[in-house]
**Student:** 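Take a look at this one; I'll ask things after.
Keep in mind that what you see is a predicted model, and the values were worked out from it rather than measured. Residue indices begin at 1 and follow the sequence shown.
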Amino acid sequence: MVGRALRRRCPRCAAPAFETYFGLREHCARCGLRFEREEGYWVGALIINTTVAFGTFLLLFVGGIALTWPDVPWGALGVVTVVAMALVPLLFYPLSKTLWMALELSWHPLEEKEIAEAAAKAAG
Ligand SMILES: [Zn+2]
């Protein structure tokens, strides 16, 4: 499921989960899975995205200091870090959602009513 998530696919059947880069479908076009399983569901994706952004910041900032010490180019390091902090959460946004769906589905399997709803949606 993580492999499917990294390709921005449905965790259940591997069909494309997004209509556009940022536009997640409400239901999977192939298996009918409703992606937002409950209210507040995407908080997990937000936590994943925030963690990746913070990890990138630490890597760039602390790594930049460590690699250039003692002549740290503070201006350049600041610009690179700010640009990365603007881009990483945007670029990682779709993956944070598909990764969250895959992880959450692995420890919280679909319930009977979700399976029935997905089958009804897939049938049309
Ligand atoms: Zn699917």
Side-chain angles (χ1 to χ4, degrees):
M1 282 196 285
V2 170
R4 292 173 182 168
L6 293 175
R7 290 179 291 129
R8 301 172 1 123
R9 302 292 178 133
C10 169
R12 188 172 180 219
C13 75
F18 285 81
E19 288 176 303
T20 63
Y21 191 79
F22 297 108
L24 181 69
R25 298 172 195 276
E26 190 174 326
H27 293 264
C28 174
R30 186 183 300 157
C31 74
L33 174 67
R34 181 177 156 80
F35 290 137
E36 186 175 4
R37 296 182 68 188
E38 59 199 3
E39 199 172 313
Y41 183 72
W42 299 121
V43 170
L46 181 68
I47 291 169
I48 290 173
N49 206 354
T50 303
T51 302
V52 167
F54 187 67
T56 302
F57 169 79
L58 282 180
L59 201 69
L60 287 175
F61 194 70
V62 176
I65 291 171
L67 288 174
T68 59
W69 192 262
D71 300 316
V72 180
W74 294 107
L77 191 58
V79 168
V80 167
T81 305
V82 167
V83 169
M85 287 306 90
L87 291 179
V88 167
L90 284 174
L91 296 175
F92 196 73
Y93 172 82
L95 287 180
S96 70
K97 286 202 161 183
T98 52
L99 279 171
W100 171 245
M101 288 193 287
L103 292 172
E104 197 271 345
L105 197 57
S106 72
W107 69 67
H108 178 202
L110 292 178
E111 295 169 12
E112 286 300 322
K113 79 172 194 209
E114 290 175 296
I115 294 169
E117 183 194 339
K121 192 75 181 174

**Student:** Check for a donor-acceptor pair, side chain of R9 on one end and backbone N or O of A14 on the other, with a separation under 3.5 Å.
**Tutor:**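 A pair under 3.5 Å: yes.
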**Student:** In terms of hydrophobic clusters joined by side-chain contacts under 4.5 Å, are L90 and F54 together?
**Tutor:**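 Unlinked, L90 and F54 end up in two clusters.
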**Student:** What's the verdict on side chain to side chain contact (heavy atoms under 4.5 Å, CB included) for W42 and S96, showing C-alpha distance, side-chain angles and the deciding distance?
**Tutor:** CA-CA 9 Å; W42 299 121; S96 70; over 6 Å; no
**Student:** Consider only side-chain heavy atoms of I, L, V, M, F, W and Y, link residues closer than 4.5 Å, and tell whether W107 and V43 are in one cluster.
**Tutor:**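 No, W107 and V43 fall in different hydrophobic clusters.
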**Student:** Verify side chain to side chain contact (heavy atoms under 4.5 Å, CB included) between E26 and E36, making sure each step is shown before the conclusion.
**Tutor:** CA-CA 7 Å; E26 190 174 326; E36 186 175 4; over 6 Å; no
**Student:** Looking at A17 and T98, what are the two nearest heavy atoms and their distance?
**Tutor:**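 Taking every non-hydrogen atom into account, CB-CG2, 4.3 Å.
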**Student:** May I have all residue pairs that pass side-chain hydrogen bond (donor to acceptor under 3.5 Å, both in side chains) and include part of residues 74-95, sequence neighbours excluded?
**Tutor:**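 Those involving residues 74-95 are Y93-K97.
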**Student:** Measure from the side-chain N and O atoms of R8 to the backbone N and O of F18, and report whether any donor-acceptor pair falls under 3.5 Å.
**Tutor:**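 Judged by distance alone, no pair lies under 3.5 Å.
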**Student:** For A102 versus P11, what's the shortest heavy-atom pair and its separation?
**Tutor:**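 Minimum heavy-atom separation between A102 and P11: CA-CB, 4.0 Å.
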**Student:** Taking everything shown except E112 itself, do over 12 heavy atoms lie less than 6.0 Å from its CD?
**Tutor:**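 Open.
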**Student:** Are L58 and F61 connected in a single hydrophobic cluster, I mean Ile/Leu/Val/Met/Phe/Trp/Tyr linked by side-chain heavy atoms less than 4.5 Å apart?
**Tutor:**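 Yes.
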**Student:** Enter the distance from R12:CZ to R4:CZ here, rounded to the nearest 0.5 Å.
**Tutor:**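 Between atom CZ of R12 and atom CZ of R4 there are 10.5 Å.
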**Student:** Nearest 0.5 Å, what's the SG-CE distance between C10 and M101?
**Tutor:**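 One finds 7.0 Å between SG of C10 and CE of M101.
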**Student:** Under a 4.5 Å side-chain heavy-atom rule over Ile, Leu, Val, Met, Phe, Trp and Tyr, are L6 and L105 clustered together?
**Tutor:**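 Yes; L105 is reachable from L6 via cluster members.
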**Student:** Side chain to side chain contact (heavy atoms under 4.5 Å, CB included), that's the test. Do L33 and E114 meet it? Break it down for me.
**Tutor:** CA-CA 7 Å; L33 174 67; E114 290 175 296; 5.6 Å; no
**Student:** Please say yes or no: joined through hydrophobic side-chain contacts below 4.5 Å, possibly via intermediate residues, are I48 and V2 part of one cluster?
**Tutor:**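 They do share one cluster, since a chain of ILVMFWY contacts under 4.5 Å joins I48 to V2.
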**Student:** Do you know the tightest heavy-atom contact between L60 and A84?
**Tutor:**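 Looks like CD1-CB, 3.3 Å.
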**Student:** With a 4.5 Å heavy-atom cut-off, do L110 and E117 have their side chains touching?
**Tutor:**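 Result no, sub-4.5 Å side-chain heavy-atom pair not found.
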**Student:** Between F35 and H27, what is the shortest heavy-atom contact and its length?
**Tutor:**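 The pair with the smallest heavy-atom distance is CE1-C, 3.9 Å.
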**Student:** Which is it for M1 and L103 under the side chain to side chain contact (heavy atoms under 4.5 Å, CB included) test, yes or no, and what are the steps along the way?
**Tutor:** CA-CA 8 Å; M1 282 196 285; L103 292 172; over 6 Å; no
**Student:** Side-chain contact, heavy-atom cut-off 4.5 Å: Y41 with W100?
**Tutor:**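 Counting from C-beta outward, Y41 and W100 do come under 4.5 Å.
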**Student:** Can a donor-acceptor pair be found, under 3.5 Å and without considering hydrogens, that links the side chain of R25 to the backbone of P16?
**Tutor:**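 Flag set: sc R25 to bb P16 pair under 3.5 Å.
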**Student:** Please find the pair of heavy atoms, one from E111 and one from R37, that lie closest to each other, and give the distance.
**Tutor:**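 Smallest interatomic distance, heavy atoms only, reads N-NH2, 4.2 Å.
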**Student:** Looking at residues at least two apart in the chain, or sitting in another chain, which of them share a ring pair (Phe, Tyr, Trp, His ring centres under 6.0 Å) with W69?
**Tutor:**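 By the ring pair (Phe, Tyr, Trp, His ring centres under 6.0 Å) rule, W69 matches no residue at all.
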**Student:** Tell me, please, which residues at least two apart from L91 pass side chain to side chain contact (heavy atoms under 4.5 Å, CB included).
**Tutor:**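 Applying side chain to side chain contact (heavy atoms under 4.5 Å, CB included) to L91 gives Y21, L87.
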**Student:** If every non-hydrogen atom of N49 is compared with every non-hydrogen atom of P89, which pair is closest and at what distance?
**Tutor:**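 Heavy-atom minimum between the residues: ND2-O, 3.1 Å.
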